[in-house]
Amino acid sequence: MSLATNLAIDPARLWDTITETAKIGATPKGGVKRLTLTELDAEVRRWFIAACEEAGATVTIDDMGNIFARRPGRDNSLAPIAIGSHLDTQPTGGKFDGIIGVLSGLELLRTLKDSGYETTHPIEVIDWTNEEGSRFAPAMLSSGVFAGVFTKDWAYAREDRAGVRFGDALGEIGFVGAEPCGQHKLAAHFELHIEQGPILEAEGKIIGVVTGVQGMRWYEVTVSGNDSHAGSTPMTLRRDALLATARMIEVVHGIALEHAPHAVGTVGLIEARPNSRNVIPGETFFTVDFRHPDDSVLAVMEKKLKERLAAVADASAVTAEVTCIWNSPAVHFDADCVSAVRQAAEQGGFPHRDIISGAGHDSAYVAAVAPTTMVFVPCAGGVSHNETESAEPGDVAAGANVLLQAVLAMDAKLAEREPT
Ligand code: HGY
Ligand code: MN
Ligand code: MN
């Protein structure tokens with residue numbers, strides 16, 4: 001066994017970091033609410049930077065607030081091998097989504113420091129800003145700028161539902177870094193994440209060898225009717241935007257079912273105006289999230305959505321404006337990275353299976369600019385984006401060890417190819 005294969009992370013130390021950071025934004029139901037670019041996000045970022053510096057890393061920040069914690073390698077002229085994910089959460093998020101990906105990176109820095117093991121490539125741990133897209137849509141905004149999918153100006157202009165601009169919020173928490181986002185080259189990118197679905201647990205697998213991410217599209221719909229008195233407006237004269245919206249939500253659900261079993265469709269955010277008990281709602285705003293592994297099916301679902309929402313609007317005497325605000329095509333990960341993960345799982349004796357991610361991740365965008373893949377571990381009941389989200393310490397440790405071995409294997413493989 002080489003020195004590399006003898007290396008292993010410290011499971012208790014990794015779990016302690018999960019427990020410790022979960023206090024930042026802890027909710028009464030045992031979850032974490034740490035919306036992007038809030039003071040809580042800033043607090044966990046400062047914690048992360050201090051911990052990485054203590055582990056011997058030097059930290060840089062780019063102008064999208066992405067944080068890069070770098071451990072030197074033997075040849076620092078080489079681009080780093082990165083371990084990235086996110087520290088922001090959903091409003092009713094859990095302790096693990098994104099967080100174990102960043103903290104497993106910190107654990108790798110600590111393990112390499114303790115062992116004195118020197119990689120050829122520098123190693124970098126990354127906290128990608130605003131992966132969730134809950135406060136500022138779309139999701140994966142900063143890894144998207146890094147990959148050239150969005151411009152920084154477009155990202156800075158994104159507004160939350162209170163009208164706060166992303167760029168202003170980033171400045172507010174003091175994380176506008178000097179480096180232009182995307183200037184940072186990466187030799188490879190790995191991400192450890194909970195599956196956020198039921199497959200691994202149902203099959204008794206500990207490791208998901210992630211081969212790609214399904215396609216995702218987000219829409220915003222504004223329905224316009226007419227505010228009027230709930231008591232004196234005859235039913236036949238109403239232009240009720242919320243009633244029409246209820247019918248439209250059924251349409252979204254129906255389109256997803258028509259493309260089962262792989263399609264999913266969700267209306268997650270809805271606002272009714274004026275939102276008063278005795279006023280017929282004159283306007284609503286709601287969001288649609290469609291996903292499928294095949295982009296051509298998503299195109300069919302989009303066509304049906306636009307046609308059918310228009311038909312409901314006509315029949316309900318309202319108008320509907322449907323805008324696609326995000327289209328993230330299906331992604332296939334790098335074969336060498338995927339096989340490094342699969343071999344690490346085999347070497348570790350962990351039951352594993354290939355899997356396509358149902359959830360979006362920063363890796364989906366980073367894959368456009370660097371060889372990338374992910375490692376999944378199970379979460380209880382496949383539940384995530386929920387305060388009860390939970391994972392087993394042994395599974396998280398297994399995932400972090402597979403991540404470590406895959407990174408070291410990739411370090412050696414890339415070094416063979418690079419001119420010395
Ligand atoms: O939407 C997603 O899949 C991710 O949680 N941002
Ligand atoms: Mn995530
Ligand atoms: Mn998430």
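Atoms within a ligand are numbered from 1 in the order they appear, just like the ligands themselves.
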**Message:** What's the separation between atom CZ in F376 and atom NE2 in H352, rounded to the nearest 0.5 Å?
**Reply:**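 Spacing of CZ (F376) from NE2 (H352) equals 16.0 Å.
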Report yes or no: do [X] and [Y] form a side-chain donor-acceptor pair below 3.5 Å?
X    : Y    : value
D97  : Q196 : yes
H86  : D88  : yes
D289 : T266 : no
T287 : E220 : no

**Asked** At what distance is the nearest protein heavy atom to atom 6 (N) of ligand 1, and which residue and atom is it?
**Response**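 That would be E131 OE2, 3.0 Å.
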**Request:** List the closest protein heavy-atom neighbour of atom 1 (O) of ligand 1: residue, atom name, distance to the nearest 0.1 Å.
**Result:** R291 NH2, 2.8 Å
**Request:** Measure the acute angle between the ring planes of F96 and W15, then classify it against the limits of 30° and 60° as parallel, tilted or perpendicular.
**Result:**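 Correct class here is tilted.
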**Message:** Is H361 close enough to the Mn ion (ligand 2) that one of its N, O or S atoms comes in under 2.8 Å?
**Reply:**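 Looking at H361, which is the residue asked about, there is no N, O or S atom under 2.8 Å from the Mn ion (ligand 2).
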**Item:** Heavy atom of Q196, distance to ligand 1 below 4.0 Å
**Value:** no
**Asked** Do any heavy atoms of H385 fall under 4.0 Å from ligand 1?
**Response** yes
Can you list the atoms of ligand 1 that are under 4.0 Å from a heavy atom of [X]?
X    : value
A139 : 6 (N)
G360 : 2 (C), 3 (O), 4 (C)
E132 : 4 (C), 5 (O), 6 (N)

**Item:** Shortest-distance N/O/S atom, D97 versus the Mn ion (ligand 3)
**Value:**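 This turns out to be OD2.
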**Prompt:** In H385, what N, O or S atom is nearest to the Mn ion (ligand 3), if we give its atom name?
**Reply:** NE2
**Prompt:** Using heavy atoms and a threshold below 4.0 Å, how should the contact between A359 and ligand 1 be classified: side chain, backbone, both, or neither?
**Reply:** both
**Prompt:** Applying a 4.0 Å heavy-atom criterion (strictly less than), which segment of Q214 is in contact with ligand 1: side chain, backbone, both, or neither?
**Reply:** neither
**Item:** R34 side-chain N/O to T21 backbone N/O, donor-acceptor pair under 3.5 Å
**Value:** yes
**Item:** Contact check: E131 to the Mn ion (ligand 3), N/O/S below 2.8 Å
**Value:**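 Looking at E131, which is the residue asked about, there is no N, O or S atom under 2.8 Å from the Mn ion (ligand 3).
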**Message:** Here's a test for you: under salt bridge (Lys or Arg N to Asp or Glu O under 4.0 Å), which of E179, E53, E124 qualifies with R70?
**Reply:**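 Among E179, E53, E124, the one that satisfies the salt bridge (Lys or Arg N to Asp or Glu O under 4.0 Å) with R70 is E124.
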**Item:** Residue pair A169 / V164: nearest heavy atoms and the distance that separates them
**Value:** CB-CG1, 4.1 Å
